[in-house]
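The structure appears below as structure tokens.
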Amino acid sequence: MRPLSPVERRLIRELPSLGRHMTLSTALALAGAALVIVQASLLASVLADGFAGHGFPTATLASLGVAAGLRALLTWTRGVLAQCVAADAKRALRDRITGRLRHTSPLRSAARRHGETATLITRGLDALDPYIVGYLPTMTATAVVPLAIVGWLSWIDWVSALIVVVTLPLIPAFGALVGRHTAQRTARQWGLLARLGGHFLDVVAGLPTLRAFGRERHQTRVVGEMADAHRRATLRTLRVAFLSSLVLETVATFSVALVAVPVGLRLLDGDTDLRTALIILFLAPEAYLPLRAAGAAFHDSAECIAVAERVFTILDTPDTPGFVGGAGGVGGAFTPMARAPAPDARTAQLHLNQVTVRYPGRSAPALLNVSLSIRPGEHIAVVGPSGAGKSTLLAVLLGFAAPGAGRVAVGATDLAHLDIDGWRAQVAWVPQRPHLFAETVADNIRLGRPGASDAEVRQAARAACADRFIEELPQAYATVLGEHGAGLSAGQRQRIALAARSSWTPPYYSSTNRPPTSTPRARPPSRVPRSA
Amino acid sequence: MTPCSKVTTPAHGPEPHPTVRLLRHLLPYWRRLLPAALASAGSDLAAAALMATAAWLITRAAEQPPLASVSIAIVAVRALALGRGVLRYTDRLLGHDGVLRAVAGFRTRVYEALVPLAPAGTPAFRSGDLLTRLVDDVDCAQDLLLRVLIPVAAACAVAATATTTAAVLLPQAGVLLGLILIVAGLFVPCLVLTLSRRAGREEKAVRAELAILTVDAIQGAPDLAAYGARGRAEERSHQASARLAALERQRALTTSLASAVVLLLQGGALVGVTWLALRAHTGGALPAVHLTVLPVLALVSFDSLTPLPSAARCLAEVRASARRLADLLDTPPPVTDPPTPALLPTDEPLGVDITNLRVRHRPGGAPALDGVSLRLPPGRRVVLLGASGSGKSTLIAALMRFVPYEAGSIRVGGRETRELSECAASDVRRVITGVTQDAHVFHATIRANLVLARPEATDAELCAVARRARLLDWIESLPNRWDTLLSGDGATMSGGQRQRLLLARALLADPPILVLDEPTDGLDPETAAAVLADILDATRGRTTLLVTHARSGLTAADQVLTLDGGRIRTVTQPATT
């Protein structure tokens with residue numbers, strides 16, 4: 001039909017089950033073709049014998065039933081195998097994407113448009129289904145089934161076989177012509193679809209704001225316009241994609257007429273017998289069937305390729321230079337280096353030496369030649385106007401951002417060479433806008449120590465002065481938090497984050513990004529004075 | 001802001017099935033859908049007629065009649081062969097156009113249903129869940145038409161025509177074919193539907209969970225990394241992913257089983273009809289030309305049934321989506337406008353009088369505000385202090401008519417005062433607005449994020465509010481300045497810049513009564529104090545309610561109040577009045 005694109009080759013290379021799937025479906029397609037030939041021959045024999053008045057062919061009728069049964073069994077096997085391969089392939093890609101996310105710099109990850117990735121992982125990958133279940137087996141079938149059918153036809157009637165041989169190549173020729181056109185358009189359509197997904201989430205998340213300024217009606221129109229733009233883009237693609245199927249369909253159906261009419265005329269002249277004529281009539285459409293199916297699946301394959309490209313783009317995104325990922329499982333192309341164990345923060349000094357950090361796309365450096373020494377037990381407050389680089393400083397200490405120049409050292413070891421998980425385990429950090437997860441309040445507090453008991457969770461909440469409002473929530477600690485902790489005030493969210501920080505063994509360094517300012521003190525928070 | 005009320009479960013009984021309701025939303029587009037269904041049926045009929053006519057032609061030719069007696073059949077075969085492709089193209093194009101139009105309309109309908117629910121009436125959906133809800137569920141409406149309704153219509157047309165033709169040729173063959181077609185066309189999809197109904201629901205739930213986990217893993221990446229919890233988060237995603245794969249494998253068994261059973265029934269019909277035809281022919285009841293036509297009819301009539309099992313599976317998925325959409329469309333808005341809303345004055349300095357206000361988030365729940373009385377005199381700037389959870393944000397939500405109040409009153413006006421519950425909520429927000437809690441920064445340019453508050457604002461006005469919010473220097477330091485694209489939740493800017501942007505937007509809106517919910521949230525103390533001073537300066541002479549926990553920088557305020565436990569506890573008159 002067409003050569004594999006580089007993306008498809010990579011897909012098949014990275015998912016070895018796809019290669020096995022193709023080999024197996026070739027064998028099953030051949031078996032299916034054999035059964036079709038048997039069924040056509042048996043039916044033609046039964047009818048020709050009946051026409052000629054040769055007795056009652058009970059045995060042949062029974063064989064016809066058996067052939068039909070075997071075809072059904074074969075179809076079931078093919079379907080189950082293909083769908084299992086598809087389910088596993090999607091799972092493998094999902095896991096690689098989530099594995100990759102884990103090794104992306106946290107700061108960059110948080111800045112990513114999460115809606116698009118969520119769409120890709122849940123719905124986008126489903127584009128692989130028609131490709132694996134439909135397109136790949138059809139493509140392997142096109143390689144063998146027409147050949148088998150034409151071979152059989154030429155055995156019984158070479159004239160009809162010749163007609164099929166001449167018309168068959170028209171289908172891939174048209175298919176390739178139109179397919180090249182569709183691939184680009186589908187890629188664009190996916191872009192629009194993803195944009196629409198992101199737009200919808202953005203608009204819905206911003207609905208309270210839109211209502212506050214009376215702009216929700218305006219967005220109704222925008223939502224409709226986006227959907228309409230989507231329809232027009234889709235139809236532009238489909239008008240061309242279906243044009244190819246129009247040509248394929250017409251060539252295939254008209255070829256059946258081209259085969260059937262001469263056979264009828266030859267029968268009139270007595271040049272051939274009814275049995276042969278019927279076999280030709282039954283088999284001729286079967287020769288075109290895989291090609292027609294492949295033509296119909298062409299559109300799906302283009303969409304799958306577009307999705308696979310997006311997956312590979314995520315998997316191939318290089319890590320932020322110098323970003324220190326967590327150790328542990330290997331995902332994507334990430335290979336953890338051997339790292340020195342983190343020194344005990346109770347005794348080790350922390351040094352920043354001429355540290356400079358620049359963010360891509362920003363002209364001014366976030367930190368410029370910052371030097372700082374922190375001794376164990378010291379309490380340090382870093383003050384400065386917003387945008388001065390305080391958050392960046394903490395990001396550097398946590399290993400979220402790597403200095404472009406200069407050095408960060410814990411004791412005598414460079415932070416970049418440390419077992420970063422071991423280091424972070426000794427740092428408590430409350431970010432400016434802590435993320436609350438879509439879990440229960442208790443689980444959010446347990447983030448730092450998954451095994452904490454209910455009593456410990458309550459104690460941590462008490463320490464962060466969060467116990468009172470948590471107990472007033474509908475299901476207290478079992479309340480599942482909404483988007484960004486919807487239902488909680490900014491201060492309450494920070495208190496829960498603070499409780500998460502105090503739920504585990506006392507932190508040695510506690511880099512708190514200013515929670516006290518946004519949490520009015522009902523009672524003095526017991527752990528905040530540890531702030532570095 | 002407020003603990004969200006639970007989804008109200010629609011009363012079952014007289015209420016139509018959610019799928020039927022979904023269909024009702026789509027059927028206004030029937031004018032565009034009917035031609036597509038007709039073309040689809042015509043195309044399938046042409047394919048079946050082509051094979052039947054060709055079989056008749058060949059068998060008749062075998063009797064070696066004069067050429068003239070088959071010439072009509074030859075023309076028919078060629079015409080049907082050409083017509084099939086054209087009808088198919090028409091069907092697919094018309095079908096997609098009609099369906100996408102219907103879905104575009106429905107998308108808007110779903111959005112409109114969400115509007116009155118934001119923010120207090122929306123159940124605690126995650127954003128990932130909302131995303132799948134709106135994009136996935138609405139797209140399921142597309143599947144309902146394209147993959148269920150149109151193929152079913154075509155299959156019925158072909159099955160009916162084939163059965164009638166067979167019955168005309170040989171009544172008992174027609175009966176047999178009709179029976180087997182009914183079994184294949186009704187029973188098999190029903191079986192699939194029953195088997196996959198549970199799987200469809202489970203799959204949706206796992207997909208929604210995966211979306212939430214993905215959003216959490218991306219947005220919460222810094223928090224997870226700080227705890228070394230990214231591995232655990234990844235593990236949970238893997239588990240959800242494995243569960244989804246297992247469900248899909250399970251589903252594979254039933255869907256493929258269905259197409260196999262259809263094939264088996266086709267074989268049965270073929271053998272049965274052939275046997276009946278042979279017997280009738282031997283008995284002299286069936287002419288030889290019809291002997292081949294009947295088995296061919298049995299074969300081709302099943303071709304149009306091929307999409308039915310997948311249509312049934314699709315329907316099972318659609319039902320789960322339709323139910324969730326019905327839940328969403330059924331959720332009553334927390335605030336409804338009175339039938340004849342009173343007009344609010346806008347042309348004079350307005351004040352607000354709140355007396356004995358009581359607000360509950362859930363009926364029967366503990367009141368979030370109880371007996372709150374507060375006077376916001378025209379042109380005065382009142383600062384409301386309170387601990388987290390004291391109900392400050394609820395008070396603002398009640399003022400902006402996002403949540404209803406159960407008892408007490410809120411009166412707004414100058415010389416003439418109006419009860420808020422007598423006014424249209426959108427009118428109220430034209431008068432009372434500002435920075436809300438959970439204010440959103442859109443994935444759009446800085447300019448677009450600001451002019452949202454006042455579409456007709458000039459560049460000079462934009463610069464003026466940006467300067468007053470102390471945002472101008474930052475904007476001008478950016479490479480693309482006003483056209484810098486901000487990311488969805490403002491993650492690309494610092495907390496301070498985000499708050500300043502929200503403040504600039506509220507200042508641009510310029511409402512008669514300005515409410516500011518924690519406008520210095522996330523700012524460092526000096527900047528917060530400076531911004532507060534700027535706000536108080538910028539709002540001089542304007543009725544302003546400022547809710548904050550910051551205690552410094554308030555010297556310029558006209559009045560400072562404290563809210564605690566749902567009541568105004570202490571009132572401090574600052575030195576300057």
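Proteins get letters first, then strands, A, B, ... in listed order; numbering begins at 1 in each.
With a 4.5 angstrom heavy-atom cutoff, B/Pro455 touches chain A only via side-chain atoms. At a 4.5 Å heavy-atom cutoff, the contact between B/His281 and chain A is made by side-chain atoms alone. Only the side chain of B/Leu50 comes within contact range of chain A, with heavy atoms under 4.5 Å apart. In this structure, no portion of B/Leu80 lies under 4.5 Å from any heavy atom of chain A. Contacts between B/Arg505 and chain A at a heavy-atom distance below 4.5 Å involve backbone atoms as well as side-chain atoms. Interface remark: B/Val70 contributes side-chain atoms only to the contact with chain A (heavy atom separation under 4.5 Å). Residue B/Ala55 touches chain A through both its backbone and its side chain, counting heavy-atom pairs closer than 4.5 Å. Using a 4.5 Å cut-off between heavy atoms, B/Ala233 makes no contact with chain A at all. Interface residue A/Gln219: backbone and side-chain heavy atoms are both found under 4.5 Å from chain B. For a residue to count as touching a neighbouring chain, one of its non-hydrogen atoms must lie under 4.5 Å from one of that chain's; by this rule A/Arg266 does not touch chain B. In this structure, the portions of B/Arg279 lying under 4.5 Å from any heavy atom of chain A include both its backbone and its side chain. Heavy atoms closer than 4.5 Å to chain B are found in both the backbone and the side chain of A/Arg91. Both the backbone and the side chain of B/Arg78 come within contact range of chain A, each with at least one heavy atom under 4.5 Å from a heavy atom of that chain. Of the two parts of A/Leu258, neither the backbone nor the side chain holds a non-hydrogen atom closer than 4.5 Å to a non-hydrogen atom of chain B. B/Val296 touches chain A through its side chain: at least one heavy atom from C-beta onward sits under 4.5 Å away, while N, CA, C and O do not.
With chain B as the partner, the residue from A/Leu43, A/Leu235, A/Val251 showing the most heavy-atom pairs under 4.5 Å is A/Leu235. Contact tally against chain B (heavy-atom pairs below 4.5 Å) for A/Thr98, A/Asp228, A/Asp95: the top residue is A/Asp95. Ranked by heavy-atom pairs shorter than 4.5 Å toward chain A, the options B/Pro66, B/Ser237, B/Ala260 are led by B/Ala260. The choice from A/Thr77, A/Val247, A/Asp88 that makes the most heavy-atom pairs within less than 4.5 Å of chain B is A/Asp88. By number of non-hydrogen pairs under 4.5 angstrom with chain A, the leading residue of B/Thr274, B/Leu502, B/Leu213, B/Val103 is B/Thr274. Between chain B and the options A/Arg94, A/Arg78, A/Gln83, heavy-atom pairs under 4.5 Å are most frequent for A/Arg94. Per-residue heavy-atom pair counts under 4.5 Å with chain A were compared for B/Val115, B/Val435, B/Leu244, and the maximum is reached by B/Val115. By number of non-hydrogen pairs under 4.5 angstrom with chain B, the leading residue of A/Leu267, A/Asp273, A/Leu210 is A/Leu267. Ranked by non-hydrogen atom pairs under 4.5 Å with chain B, the options A/Gly79, A/Ala257, A/Ala212 are led by A/Ala212.
Note: B/Thr433 OG1 to A/Phe213 CZ = 4.5 Å, rounded to the nearest 0.5 Å.
Looking at B/Tyr111, its side chain does come within 3.5 Å of a backbone N or O of A/Glu216 through a donor-acceptor pair. The backbone N or O of B/Met400 lies less than 3.5 Å from a partner atom in the side chain of B/Arg429, making a donor-acceptor pair.
Checked against side chain to side chain contact (heavy atoms under 4.5 Å, CB included), A/Thr250 has the following partners two or more places apart in sequence or in another chain: A/Leu246, B/Leu82. Take B/His96 and apply the ring pair (Phe, Tyr, Trp, His ring centres under 6.0 Å) test, not counting sequence neighbours, and it matches A/Phe242.
Side-chain contact between A/Leu265 and B/Ile74: present, with at least one pair of heavy atoms (C-beta onward) separated by less than 4.5 Å. Residues A/Leu278 and B/Thr292 are in side-chain contact: their nearest non-hydrogen atoms beyond the backbone lie under 4.5 Å apart.
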